[in-house]
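Every heavy atom of this structure was used, including side-chain atoms; hydrogens, water molecules and symmetry mates were not. Whatever order the structure lists ligands and atoms in, that order sets their numbers, starting from 1.
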Amino acid sequence: MSSCPLTFAAIGCGGRVQTYSKGAALMPDRYQVVAAADPNPARLKLMRDIVPGELRTFADDRELFAAGRLADIVMIGTQDAYHVQPCIEAMRLGYDVLLEKPIATNFREVMQLEQEAARLGRRVLVCHVLRYTPLYTKVKSLLEAGVIGQMVTINAVEGVAPFHQAHSFVRGHWSVVEKSSPMIIAKCCHDLDIVSWLVDAKCESVSSFGSLSHFNAANAPAGAPARCTDGCPVAGQCFYDAHRYLTDQRNWLQWVFNGGVKASDDEVLDWLRTSPWGRCVYHCDNTAVDRQTVNMHFANRVTGTLTMTAFDSGRYLEIRGTEGVLLAGTGVQRTSGHEIAVVNHRTEKPVYHDLEIIEGDYAGHGGGDHGLMSVLDAEWRKPNPADMRSSLQRSVESHAIGFAAEEARLNGSVVKLDEYIARHRS
Ligand SMILES: NC(=O)c1ccc[n+]([C@@H]2O[C@H](COP(=O)([O-])OP(=O)(O)OC[C@H]3O[C@@H](n4cnc5c(N)ncnc54)[C@H](O)[C@@H]3O)[C@@H](O)[C@H]2O)c1
């Protein structure tokens, strides 16, 4: 049973936890953040500024756990490789958990966490915020209303956007797969989760292709040094010039450089001279792919694809059924100005659907951050934890698709999901 307001202890107070905490601060009668842990004092200060009431602060998760159970829910926003350990510790102390994606950086740990949650009877919601966006909520309801008849195929595209790819997957936190997670998990576990939710059947098998083909030394401009600040001959012309953090790409600083958005140009330049974000994108230690496709076959015979590419921007979907076609997201937005189009095979005329617009930084992820916080307490009241819209149990299914796809890509194989899951069960 959940209390009212629901109380939270936050672990890892980066961008994600700050976003949820801002959401909680807007609804103090429903949510209260009462404790926060982070080794970075500047992040704890930001949390004190965000949280309206009293906040107990701790230097890390271990200190927070040593204080006993302080809230209903632990919110985990540490980096990918440090989700499982604090989640299991929190569950053992009696907490339920709001867990950032990905659940873990390998599938064996995903399974371990699921088994431990079941053994302890804890509730874990994985932050697949896309499930809570107006766009995908509307797509789901249109499919359930039968607007395209029976689904036959689904094609999803995740256009990461070139500068975003450079910031996060070439220079940034998720660039070295061995230290974080495969990109199809780090960036696309949301997309695979949406595909799995919309198809509404078990995925049976996957194959996948992809590579890191652009962001490497072979494509470096002649004479480009290791850092953009080291007198690069194409500085000012290169799309990925790190000096753009001083101008049109300054917004990224809020996630990686405390106080960076308001810092002077000289302070940002100093930071670029030593930080990973000042490096030439063609001279990094990155191993994340810059393109990947995943092919899926589902138990209801729907076939699906996901294309992840650095070289487009935004998410879109094409879903084909026995009665019509549903198009949603960037693709249809660009051509029609509408969010969703449904084209019936008989009339061939598009029927458009538009959505409520949510403004401000809390609107992140297409309104998903807002959408999640606006129903979180209701999710917590559902008698069966597995019925929460992005429950751990549901998320395990889409994580299985992603990790199996990575195995398929690396081995050039087709992976049967049942066998893959059985192999990783302890
Ligand atoms: N749901 C989404 O759409 C979405 C979007 C972006 C990122 N993410 C995921 O959210 C997670 C957090 O991302 P972020 O960008 O906020 O990360 P971040 O790197 O900005 O923040 C992580 C924080 O954890 C802190 N930390 C490290 N060790 C700790 C410990 N032992 N105890 C307490 N705190 C500790 C760090 O000091 C840092 O402040 C990542 O796993 C990321 O993949 C999810």
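- Scanning Q85, R43, R16 for the heavy atom closest to atom 18 (P) of ligand 1 points to R43.
- Applying the side chain to side chain contact (heavy atoms under 4.5 Å, CB included) criterion to R291, with sequence neighbours excluded, gives S211, S213, H214, F311.
- Side-chain N or O atoms of R409 include none that pairs as donor or acceptor with a backbone N or O of Q292 at under 3.5 Å.
- When the heavy-atom distances from atom 26 (N) of ligand 1 to P39, P41, G15, A81 are ranked, the shortest goes to P39.
- Using modelled atom types and a 3.5 Å distance limit, the side chains of T137 and R389 yield a donor-acceptor pair.
- Contacts with ligand 1 closer than 4.0 Å are made by side-chain heavy atoms of H173 only, the backbone lying farther away.
- The aromatic rings of F107 and F403 lie tilted to each other, with the angle between the two planes from 30° to 60°.
- Defined by atom type and a distance below 3.5 Å, a donor-acceptor pair is present between the side-chain atoms of H399 and S395.
- The nearest non-hydrogen atom to atom 30 (C) of ligand 1, considering only V256, D61, T105, comes from D61.
- Stacking of R244 on the aromatic ring of F239 is recorded, both the 6.0 Å distance cut-off and the 45° axial limit being met.
- Those atoms of ligand 1 with a heavy atom of I11 less than 4.0 angstrom away are 33 (C).
- Against a heavy-atom cut-off of under 4.0 Å, D80 is close to the following atoms of ligand 1: 40 (C), 41 (O), 42 (C), 43 (O).
- Ligand 1 is never approached by R62 to a heavy-atom distance shorter than 4.0 Å.
- Of the options D38, D60, I103, V129, the smallest heavy-atom separation from atom 38 (C) of ligand 1 is shown by D38.
- The ring of F163 has its center no closer than 6.0 angstrom to the ring center of H167.
- Which parts of ligand 1 touch A37 is read off a 4.0 Å heavy-atom cut-off, strictly below it: atoms 33 (C), 34 (N).
- By the 3.5 Å distance cut-off applied to N or O atoms, V17 is not counted among the residues near ligand 1.
- Comparing G12, A59, G77 against atom 22 (C) of ligand 1, the shortest heavy-atom distance belongs to G77.
- By the criterion of a heavy-atom distance under 4.0 Å, the side chain of H83, and not its backbone, is placed next to ligand 1.
- Contacts with ligand 1 closer than 4.0 Å are made by heavy atoms of both the backbone and the side chain of T78.
- Within the 4.0 Å heavy-atom cutoff, Q18 does not count among the residues contacting ligand 1.
- Within ligand 1, counting atoms from 1 as listed, the ones closer than 4.0 Å to a heavy atom of H190 are 1 (N), 2 (C), 3 (O).
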Derivation of the side-chain hydrogen bond (donor to acceptor under 3.5 Å, both in side chains) call for Y20 and E100
CA-CA 11 Å; Y20 300 128; E100 257 310 345; 2.6 Å; yes
Quick one: do S374 and Y132 satisfy side-chain hydrogen bond (donor to acceptor under 3.5 Å, both in side chains)? Show the steps, please.
CA-CA 9 Å; S374 64; Y132 300 91; over 6 Å; no
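- Per-residue contacts place W174 under 4.0 angstrom from the following atoms of ligand 1 (heavy atoms of the residue considered): 42 (C), 43 (O).
- The aromatic rings of Y282 and Y240 stand perpendicular to each other, their planes meeting at an angle above 60°, with 30° marking the opposite boundary.
- Each of the following atoms of ligand 1 lies closer than 4.0 Å to a heavy atom of Y82: 31 (N).
- In summary, the atoms of ligand 1 found under 4.0 Å from a heavy atom of C127, numbered by their order in the structure, are 1 (N).
- The number of heavy-atom neighbours closer than 6.0 Å to CD of E54, taken from other residues, nucleotides and ligands shown, is 12 or below.
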